4 protein chains.
Amino acid sequence: MPYRSSSKTRQKKDTKRTTMMQAAIRVFAEKGYHAATIRDIVAASDVAIGTFYFYFPDKETLFVHLYDETAEFLLQAIRQAMAPRSNFSRQLQAGLQAYVNIAVYEPAVIQLLLVGGIGATPSLNKSQSSYRERLTAMWQQVIESAMETGQIISQNGRRTAEGFAGAFDEIILNLITHPNPEGQAAAAINEMIQFGLRAAGFTGN
Amino acid sequence: MPYRSSSKTRQKKDTKRTTMMQAAIRVFAEKGYHAATIRDIVAASDVAIGTFYFYFPDKETLFVHLYDETAEFLLQAIRQAMAPRSNFSRQLQAGLQAYVNIAVYEPAVIQLLLVGGIGATPSLNKSQSSYRERLTAMWQQVIESAMETGQIISQNGRRTAEGFAGAFDEIILNLITHPNPEGQAAAAINEMIQFGLRAAGFTGN
Amino acid sequence: MPYRSSSKTRQKKDTKRTTMMQAAIRVFAEKGYHAATIRDIVAASDVAIGTFYFYFPDKETLFVHLYDETAEFLLQAIRQAMAPRSNFSRQLQAGLQAYVNIAVYEPAVIQLLLVGGIGATPSLNKSQSSYRERLTAMWQQVIESAMETGQIISQNGRRTAEGFAGAFDEIILNLITHPNPEGQAAAAINEMIQFGLRAAGFTGN
Amino acid sequence: MPYRSSSKTRQKKDTKRTTMMQAAIRVFAEKGYHAATIRDIVAASDVAIGTFYFYFPDKETLFVHLYDETAEFLLQAIRQAMAPRSNFSRQLQAGLQAYVNIAVYEPAVIQLLLVGGIGATPSLNKSQSSYRERLTAMWQQVIESAMETGQIISQNGRRTAEGFAGAFDEIILNLITHPNPEGQAAAAINEMIQFGLRAAGFTGN
DNA sequence: TATGAATGAGAATTCATTCAT
DNA sequence: TATGAATGAATTCTCATTCAT
C-alpha cells in the first residue's frame with residue numbers, strides 16, 4: 001500500500017518546521033546572526049544538520065525570513081491594539097501596552113529585531129530599514145491624525161515619529177534587561193505614555 | 001634594566017598606531033565587526049598583517065578598545081558642550097548641536113557605536129551597556145538638575161533619559177542616512193530640541 | 001517457501017524498473033555521474049527517493065550496471081550489423097552505419113559511454129576498460145579477418161583496431177555536437193568508411 | 001630593519017607555487033577532478049589547507065588553469081616538433097614522437113587532459129572543447145598542407161583530422177596503460193605513423 | 001511496494017593568528 | 001620594527017542513504 005502524503009504527515013512536517021523556526025529565533029536572538037551556528041540551531045531543535053537544510057534553504061534566507069515575519073508580527077500587534085481607539089492618548093496607551101507585553105513575554109522578538117540582526121548580512125539591510133521605516137510610519141500616522149484633530153500641537157510629525165520609535169525601543173530594551181521586567185512593566189508603560197504625550201504636545205482635547 | 005624605546009621612536013610608533021586605529025575605525029564603521037577583516041584594516045593602513053599584531057593583541061581587543069575610546073570621545077564632546085550652560089533649554093541645544101556635528105562630520109563615530117558593534121562579540125557587551133548607561137546617565141543628570149530647579153515638571157528622570165537617548169539616536173541615524181545630512185542638520189537640531197523640551201515638560205522658567 | 005511475486009506483479013515491477021533505468025541513463029548522460037543526483041533521477045522517473053532504493057542498491061552500482069548494459073547494447077548492435085557481411089568494406093560500412101544511427105537517434109548511449117562515465121568512480125574502471133577492450137577487439141577481429149583474406153595489407157591489427165576505436169569515437173562525438181547531426185550523418189559515415197579503408201590499407205580485393 | 005620582499009622571497013614563493021601545481025596535476029590526473037580533494041592536494045604538497053588558498057583562489061579555478069596550461073604545453077610541444085619539417089611523413093613522425101615522449105615520461109599530462117577532466121565541472125567545458133578543437137585544427141593544418149602539395153590524396157581534411165586526434169589519443173592511452181610503456185614506445189610510434197600515412201592516403205611524394 | 005522525512009559524513013572555503021626572517 | 005607566508009579550527013552546505021509508516 002503506497003505511503004500517503006496525508007494531511008497528518010504534512011501537518012507533522014509543518015509542526016516541526018514551526019518548532020525549528022521558533023528554536024532558530026531563540027538562538028538568533030540570544031547569540032546574534034554570526035555567533036549562531038547551524039549546529040546551535042539544530043541542537044536547539046534536537047535534529048541533525050541535514051534536517052535544517054531539508055526545511056530551510058540556508059542560514060541567511062531563514063534569518064531574513066524570520067526577521068521579516070517577526071517584524072510584521074510586532075507591527076501588526078501594535079497596530080491592532082491601537083486600531084479601535086480614536087483618542088491619541090488611548091492609542092498610545094494601547095499600542096505601548098501591546099508592545100511591552102510582547103517585550104516581556106516574548107523577549108526574543110525584540111532581541112531579534114533590535115539586536116540579533118544588526119550588521120548580520122547585507123541581504124538583511126532591506127528588511128531592516130523596511131522595519132524601521134514601517135515602525136516610524138506607524139507612529140507618524142498616529143501623530144498626524146492627532147494633529148489634524150487638534151489633540152496635539154503642530155509639529156514635524158515625521159521627526160516626532162522617529163523620536164517615538166527610538167525612545168520606546170530604548171526604554172523597552174532597558175526594561176527587558178532589568179532583572180524583573182514583569183514587575184516593572186506597568187510603571188514603564190505609564191511613563192512611556194506620559195513621555196509620549198508630552199513629547200507630542202498633547203493638549204488634552 | 002628593561003629596554004626603553006627612545007621618545008622619538010615611541011612617538012613614531014604612536015603615530016603609526018594612531019593611524020592604524022583610525023583606519024580600523026573607518027573599516028569597522030563601514031563594514032561592521034564581522035565583515036571587517038584584518039586584511040581590510042591593514043590594507044586601509046597600508047601595512048602588512050604582521051604589523052597589525054605588533055601594535056594590537058587581536059581583532060576583538062582592538063575593537064572593544066576603539067569602541068570604548070569612541071564612546072568616551074562622544075560623551076565628552078556632548079558633556080563639554082553642555083557644561084557651561086545652566087538653563088535646560090540651552091543645555092539641550094548645546095548638547096544636540098555637538099552631537100549632530102559629530103554625526104554629520106564624523107559619521108564613523110556614530111556608525112561604530114550604533115551599528116558596527118551591535119552583536120559583534122560577547123566581550124563587547126560590557127562596553128556597550130556601559131556606553132548606553134553613561135549616555136543615559138548624562139541625560140538623566142541634565143534632566144534631574146532641571147527638575148530640581150523647577151525648569152521641567154516632576155517625572156521619572158531615569159525613564160525620560162532613556163527616552164532621550166533612544167529618540168536622539170534614532171533621529172540622528174535617520175539624519176545621516178539622508179542624502180544630504182548637512183543641509184538637514186539645522187532643522188533636525190531644532191526639532192530635536194523642541195522634542196526634548198516637550199518630552200521633559202519644560203515650563204520655560 | 002519464500003514469497004514469490006506473481007508474474008503479473010513481477011512484470012509490473014520490471015516495467016517500473018526499466019522505466020527508472022531509462023530515466024537514469026538520460027540523467028547520467030546529460031549531467032555526468034557526479035552532477036547527477038538521486039533526486040534528479042527520481043524526479044525524471046516521477047517516483048520518490050525511497051523507491052529508487054527499493055529497485056537499486058545504490059547510485060554507483062546502478063551506474064556501473066547501466067554502463068555495462070549500454071556498452072553491451074552498442075557492441076551487439078555494431079556486431080550484428082557487421083555479421084552478415086564478409087567483405088571488409090561492407091563490414092565497415094554496416095558497422096559504422098549502425099554506430100552512427102545509434103549516435104544520432106540515441107545520443108544518450110554515446111554520451112554515457114564516452115563522456116558521462118569518465119572518471120566517475122573507481123568501481124567503473126573495470127567496466128570502462130572492458131568496454132574499450134571489447135570495442136577494440138571487435139575491430140581487431142574484423143581487421144585480422146580481412147588481413148587473412150588479403151583484403152588489407154599486413155599490419156599490427158591490434159594497433160589499427162585501437163586507431164579505429166579512437167578515430168570513430170572522436171568523429172562521432174564531433175558529429176553529435178554538431179547542430180544538425182542527422183543532416184551530416186550520411187556524409188560522416190562515408191568519410192569514416194574511406195578513412196577506415198585507407199587506414200587499414202584496403203586493397204580492394 | 002624592515003622585512004624585504006626581496007627577489008629571494010618571491011622566488012621561493014614562486015617555487016612553492018609551482019611545486020604545488022605539479023602536485024595538484026598528479027593528484028587530479030590520478031583521481032580525477034571530483035575524487036581529488038583539497039586535502040589530497042595539500043597532503044601531496046605537504047602543506048596545510050590554508051596554504052592552498054593562499055596560492056590559489058579555489059579548486060575549480062586551479063583545475064581549469066592547470067588544464068589550460070597543460071593543453072597549451074602539449075600542443076606547443078607537438079607543434080614545435082613538427083614545425084621544422086615540411087614533408088608530411090616527417091611531420092607526422094616528429095609530432096608523434098613528441099606526443100609519445102610526453103605520454104611516456106609525463107603520463108599525468110595525458111591523464112589530466114584525457115581522463116581527469118571529463119565531466120569535471122561546467123566551467124571546464126570551454127577549455128575542453130577548445131583543446132579538442134585546437135588539437136584537431138593542428139592536424140587539419142598539417143593534412144591540408146600536405147593535400148595542397150599533393151603528398152596525400154584529396155579528402156575532407158577536417159574529418160581526417162578528427163580521426164587522427166581520436167586515433168592517436170586512443171593508441172597513446174593504451175600505451176601508457178601497458179606495463180612497460182617505454183619499451184613499447186618506439187614500435188607504437190612507428191605503427192602510428194604508418195596508420196596516419198595510410199589514413200591520409202600518403203602517396204609518397 | 002512506496003513514500004519522503006531524517007540523517008550525518010565529508011567537502012570546500014574563510015580568516016584570525018603565528019613566527020621565521 | 002616590519003613582513004607576509006603558513007597554519008588549521010571552524011563554518012556552511014550537499015547528497016547518498018536509511019527507515020518508520
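Since this is a predicted model, take the numbers as computed values, not measurements.
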- [ ] Rounded to the nearest angstrom, tell me the gap between atom NZ in D:K59 and atom C1' in F:dT14.
- [x] 13 Å
TODO: Spell out, as yes or no, whether a donor-acceptor pair under 3.5 Å connects the side chain of A:K59 to the backbone of A:Y33.
DONE: yes
Open item on the list: I want to confirm an ordering. Mapping D:T51 and A:G50 to their closest nucleotides on DNA chain F, which one lands closer to the 5' end?
Closed with: D:T51
Open item on the list: Closest-nucleotide mapping onto DNA chain E: is B:H34 or C:A48 further toward the 5' terminus? I mean the 5' end.
Closed with: C:A48
Open item on the list: Which label fits D:Y131 and D:Y67: parallel for a plane angle under 30°, tilted from 30 to 60°, or perpendicular past 60°?
Closed with: perpendicular
TODO: State which of F:dT1, F:dT17, E:dT3 makes the closest approach to the side chain of B:F54.
DONE: F:dT1
Open item on the list: Using 30° and 60° as the class boundaries, would you call the ring planes of C:F63 and C:F28 parallel, tilted or perpendicular?
Closed with: perpendicular
Open item on the list: Tell me if a side-chain donor or acceptor on C:D68 pairs with a main-chain N or O of C:H65 at a distance below 3.5 Å.
Closed with: no
Task: Nucleotide E:dC15, atom P - distance to CZ of D:F52 in whole Å - done: 17 Å
Open item on the list: Students often get this wrong, so: under 4.0 angstrom with heavy atoms, is A:R39 touching a base, only sugar-phosphate, or nothing?
Closed with: base
TODO: From the options E:dT3, F:dA5, E:dA11, select the nucleotide whose nearest atom is closest to the side chain of D:Y55.
DONE: F:dA5
- [ ] Nearest 0.5 Å please: distance from the CD atom of A:E30 over to the CG atom of A:D40.
- [x] 8.5 Å
Open item on the list: The side chain of A:D58 is closest to which nucleotide in this list: F:dC13, F:dA6, F:dT17?
Closed with: F:dC13
Open item on the list: Taking 4.0 Å as the cut-off, does a side-chain nitrogen or oxygen of B:Y53 come that near to OP1 or OP2 on E:dT18?
Closed with: no
TODO: Indicate, with a heavy-atom threshold strictly under 4.0 Å, whether A:K13 touches base, sugar-phosphate, or nothing.
DONE: sugar-phosphate
TODO: Specify the separation, in whole Å, of atom OH of D:Y33 and atom P of E:dA12.
DONE: 8 Å
Task: D:E60, CD atom: more than 12 neighbouring heavy atoms under 6.0 Å - done: yes
Task: Whole-Å distance separating the NZ atom of A:K12 from the P atom of F:dA20 - done: 12 Å
TODO: Select one nucleotide: of F:dA16, F:dT7, E:dA12, the one nearest the side-chain heavy atoms of C:T37.
DONE: F:dA16
Task: Atom-to-atom span, CZ of C:R17 to P of E:dA2 - whole angstrom - done: 13 Å
Open item on the list: Which is more 5' along DNA chain E, the nucleotide nearest C:D46 or the one nearest B:P57? Just name the residue.
Closed with: C:D46
Task: Minimal non-hydrogen separation, D:Y53 against D:D58, with atom names - done: CE2-CA, 4.1 Å
TODO: May I have the distance from A:I41 (atom CD1) to F:dT11 (atom C1'), rounded to whole angstrom?
DONE: 12 Å
Task: Rounded distance (nearest 0.5 Å) linking atom OG1 of A:T15 with atom CE of A:M20 - done: 13.0 Å
TODO: Starting from C1' on E:dT14, measure out to CD1 on B:I38 and report it in whole angstrom.
DONE: 13 Å
TODO: Give the nucleotide from the list F:dT14, E:dA12, E:dT3 with an atom nearest to the side chain of A:I49.
DONE: F:dT14
- [ ] Could you provide the dot-bracket string of DNA chain F, using ( ) for intrastrand pairs, [ ] for crossing pairs and | for bases paired to another strand, with Watson-Crick or G-U pairs below 3.5 Å?
- [x] .||||||||||||||||||||
Open item on the list: Please confirm whether the shortest side-chain N or O distance from C:K16 to OP1 or OP2 of E:dT1 is below 4.0 Å.
Closed with: no
Task: Euclidean distance, atom CZ of residue D:F56 to atom P of E:dA12 [Å, nearest integer] - done: 15 Å
